[in-house]
Protein chains: 2
Amino acid sequence: MSDHAIPLDAETKAVEMPEDHRDELRLWLRLLTCSNLIEGEVRRRLRERFDVTLPRFDLMAQLDKAPDGMTLSDLSKRMMVSNGNLTGLVERLVASGHLERRVSELDRRAQIIRLTEAGQAEFRTMAAEHESWIAELFGDLTEKEQRDLMRLLAKTKLSARRAVSGEA
Amino acid sequence: MSDHAIPLDAETKAVEMPEDHRDELRLWLRLLTCSNLIEGEVRRRLRERFDVTLPRFDLMAQLDKAPDGMTLSDLSKRMMVSNGNLTGLVERLVASGHLERRVSELDRRAQIIRLTEAGQAEFRTMAAEHESWIAELFGDLTEKEQRDLMRLLAKTKLSARRAVSGEA
DNA sequence: ACTATTTATTTTAAGCTTAAAATAAATTCG
DNA sequence: CGAATTTATTTTAAGCTTAAAATAAATAGT
């Protein structure tokens with residue numbers, strides 16, 4: 001398994017010896033550093049260039065893919081944030097004219113949220129620039145490196161999901 | 001460069017044609033998903049097992065590595081969060097008995113923050129378990145995959161840093 | 001020594017985020 | 001039908017986070 005100098009109990013396996021997981025910890029910290037570094041820069045640029053926050057951008061991105069609108073619950077599931085969080089986020093984006101809400105005709109509890117025309121236009125401008133920022137941030141990786149990273153992250157995602165759910 | 005069907009201006013390069021950066025965007029979204037998935041699970045477990053938040057855990061982790069304590073500014077730089085953020089975080093951990101602060105003798109503006117004995121003991125218990133959670137979350141990756149991922153993330157970090165600073 | 005600047009920290013205002021409790025409409029089932 | 005449950009959403013309380021303004025002590029330059 002590991003080449004590290006883990007004290008072993010002579011003949012047997014590492015009995016009662018807590019395993020050394022420092023490598024995994026380093027891997028996690030590096031993954032987190034990358035993610036935070038990029039996310040932080042994207043936040044900064046969104047604010048600087050468009051005076052918009054990342055959560056608002058993410059919300060608009062979801063709605064841009066759903067021209068007929070979505071309910072708060074749908075959005076909540078897609079974005080993996082709480083319902084209460086979305087309530088406030090949508091409120092502010094309605095106030096600023098980016099979103100519109102109407103009560104569902106089929107279910108009087110639910111609301112359908114949509115981008116306004118102005119909201120969509122603004123989002124698409126931002127999205128185009130955002131995409132080029134991401135390309136710039138990953139720019140020093142070759143195509144092969146990008147593919148490899150993609151594959152390894154796919155596996156990481158599955159591994160984490162397995163551990164998050166009851167697991168095996 | 002890319003195999004994709006980007007409309008080209010016959011003889012020349014892709015003149016005035018915005019490039020397709022969807023692959024980089026997908027890569028970024030996958031990286032973010034992995035990071036959020038793991039971070040969310042770590043937060044959940046820290047809360048469930050130890051009733052502690054991730055920011056508090058991170059703060060204690062920094063202080064555990066500095067037995068003689070650190071100033072708020074040092075902590076701020078190390079943790080890459082704002083000074084104001086730390087003010088509140090430290091306040092709450094002092095109140096709960098995990099940290100102690102004393103005014104620096106050399107500089108009456110500065111405070112030296114340290115883990116209390118109780119705080120250190122509690123942190124080390126948490127850290128040991130935390131490390132095993134991380135190993136579990138990355139558990140499905142082989143050692144080679146972990147090494148490869150480590151290397152690719154190192155390169156990603158450099159790439160992002162280059163783009164964040166003025167760049168080339 | 002005095003003024004200007006820098007550095008360490010706190011405060012403030014705004015927004016993001018969550019879990020848990022509350023509301024209210026829809027659905028299920030006896 | 002009518003009670004019990006589920007589902008959609010909002011509210012609440014607490015904490016995290018930041019940028020920008022405010023304080024206050026230290027340092028530098030004259």
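By convention in this document, chain letters (A, B, ...) are assigned in the order of the sequence lines, proteins followed by strands, and residues within each chain are numbered from 1. From a predicted model like this one, the values you see are computed outputs, not experimental measurements.
- B:T87 comes within 4.0 angstrom of a base, heavy atoms only.
- Atom C1' of nucleotide C:dA26 and atom CD of A:E105 are separated by 17 Å, given to the nearest angstrom.
- When the C1' atom of D:dA8 is taken as reference, atom CZ of A:R101 falls 12 Å away, rounded to whole Å.
- Nucleotide C:dA26 holds its P atom 10 Å from the CG atom of A:L106, rounded to whole Å.
- A:D107 has its CG atom 17 Å from the P atom of D:dT6, to the nearest Å.
- Without hydrogens or angle criteria, B:S104 side chain to B:I112 main chain gives no donor-acceptor distance under 3.5 Å.
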Could you walk me through whether A:E41 and A:R44 pass the salt bridge (charged side-chain N to carboxylate O under 4.0 Å, His left out) test, one step at a time? CA-CA 5 Å; A:E41 182 66 5; A:R44 206 181 60 67; 2.9 Å; yes
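- Listed pair A:S104 / D:dA8 fails the phosphate criterion, with no side-chain N or O lying under 4.0 Å from OP1 or OP2.
- You won't find any donor-acceptor pair under 3.5 Å spanning the side chain of B:R109 and the base of C:dT9, going by distance alone.
- Under a cut-off of 6.0 angstrom, the local environment of CZ in A:R101 is crowded, with over 12 non-hydrogen atoms contributed by other residues, nucleotides or ligands.
- Look at CZ on A:R102: it is 17 Å from P on D:dA8, rounded to the nearest Å.
- Side-chain atoms of B:E48 do not come within 3.5 Å of backbone N or O of B:R45 as any donor-acceptor pair.
- Nearest-nucleotide mapping onto DNA chain D: of A:E91 and A:R44, the residue sitting toward the 5' end is A:E91.
- Within the 4.0 angstrom heavy-atom criterion, only backbone atoms of the sugar-phosphate kind lie near B:T71; the bases stay farther away.
- Listed by chain and number, the residues in a side-chain contact (heavy atoms from CB on, under 4.5 Å) with A:R30 are B:M150, B:L153, B:A154 (sequence neighbours excluded).
- In the model, B:N36 has no side-chain atom that pairs as donor or acceptor with a side-chain atom of B:T33 under 3.5 Å.
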Show each protein N/O and nucleotides 12-18 of chain C N/O combination with a separation under 3.5 Å, one pair to a line.
residue: C:dC16; atom: OP1; partner: A:T53; partner atom: OG1; Å: 3.0
residue: C:dC16; atom: OP1; partner: A:R56; partner atom: NE; Å: 3.2
residue: C:dC16; atom: OP2; partner: A:R92; partner atom: NE; Å: 2.3
residue: C:dC16; atom: OP2; partner: A:R92; partner atom: NH2; Å: 2.2
residue: C:dT17; atom: OP2; partner: A:N85; partner atom: ND2; Å: 3.4
residue: C:dT17; atom: O5'; partner: A:N85; partner atom: ND2; Å: 3.2
residue: C:dT18; atom: OP2; partner: A:S82; partner atom: N; Å: 2.9
residue: C:dT18; atom: OP2; partner: A:S82; partner atom: OG; Å: 3.2
residue: C:dT18; atom: OP2; partner: A:N85; partner atom: ND2; Å: 3.1

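- Summarising the geometry, the separation between CE on A:M70 and P on D:dT9 is reported as 11 Å, rounded to the nearest angstrom.
- For the OP1/OP2 pair of D:dA8 and a distance below 4.0 Å, the side-chain nitrogens and oxygens of A:S76 include no atom meeting the criterion.
- As rounded to whole Å, 15 Å separates atom P of C:dA24 from atom CD of A:Q111.
- Screening A:T116, A:I113, A:L89 for a side chain to side chain contact (heavy atoms under 4.5 Å, CB included) involving A:L99 leaves a single residue, A:I113.
- In this model, the phosphate group of C:dA24 is not approached by any side-chain N or O of A:R108 to a distance below 4.0 Å at OP1 or OP2.
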